[in-house]
Amino acid sequence: GQSLEQPSEVTAVEGAIVQINCTYQTSGFYGLSWYQQHDGGAPTFLSYNALDGLEETGRFSSFLSRSDSYGYLLLQELQMKDSASYFCAVTVNTGFQKLVFGTGTRLLVSP
Amino acid sequence: GAGVSQSPSNKVTEKGKDVELRCDPISGHTALYWYRQRLGQGLEFLIYFQGNSAPDKSGLPSDRFSAERTGESVSTLTIQRTQQEDSAVYLCASSLPSNSYEQYFGPGTRLTVT
């Protein structure tokens, strides 16, 4: 089976930097994705790492270490609108590729 | 269409009734997924369609749950004899088959079973 662990909640202030960690145990691992979900909204895709290293997309960066079964999402210059839940998700191959989501990290950004 | 659409947005039903939830994926997205999200929880995979076949139904919680898809278009998730534990948001997502890591989600259907 697959399991993912991420902190349940993280708090930070505007302008700060926050890192949300994700560790996983899975077979047939292809890559690690991150999704953002505002309260009452739909999850939206943020980033994907198939290879080790850092991927940067504006204020957001995502990192993967396949040997450590670990990744993180880094959010810089935090804004109030970044308050949301963030889910890591592994792409696994069980005959076809599918996403398995973590339980999510709720980020609260305060002024 | 421009994005994934789902209907209804909200559904309140009595325990024991059947419900049908609809998903209209992005045009050209042959892969379609259904998830369930309970309040404050993560996304629980239910079923995956590639075209109109469902190679993975492993997440359907019981035989009260079924889904079908017409061609590479609309999908319907049916829950028979609803129970209170079925109350949740049901999310549909679509993607290109080679890009399952990047799924586009609909706004969801909030199901409340009374």
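Protein chains get the first letters and strands the later ones, always in sequence-line order, with residue 1 at the start of each. Keep in mind that what you see is a predicted model, and the values were worked out from it rather than measured.
Neither the backbone nor the side chain of B/S95 comes within less than 4.5 Å of any heavy atom of chain A. Interface residue B/Y35: only side-chain heavy atoms are found under 4.5 Å from chain A. Within the 4.5 angstrom heavy-atom criterion, no atom of B/Q50 approaches chain A. If you measure heavy-atom distances from B/L43 to chain A, the contacts under 4.5 Å come from both the backbone and the side chain. Only the side chain of B/F45 comes within less than 4.5 Å of a heavy atom in chain A; its backbone stays farther off.
Between chain A and the options B/Q103, B/Q41, B/R110, the largest number of non-hydrogen pairs under 4.5 Å is found for B/Q103.
In this model, a donor atom of one side chain and an acceptor atom of the other lie less than 3.5 Å apart for A/Y30 and A/N93. At a cut-off of 3.5 Å, with distance as the only test, no side-chain donor of B/Q84 or B/D86 sits close to an acceptor on the other residue.
A parallel orientation is assigned to the rings of A/Y24 and A/F29, their planes being inclined by less than 30° (bins at 30° and 60°).
Looking at B/T13 and B/T114, their side chains never come closer than 4.5 Å, going by heavy atoms from C-beta outward. B/V74 has its side chain within reach of B/R22: a pair of non-hydrogen atoms, C-beta onward, lies under 4.5 Å apart.
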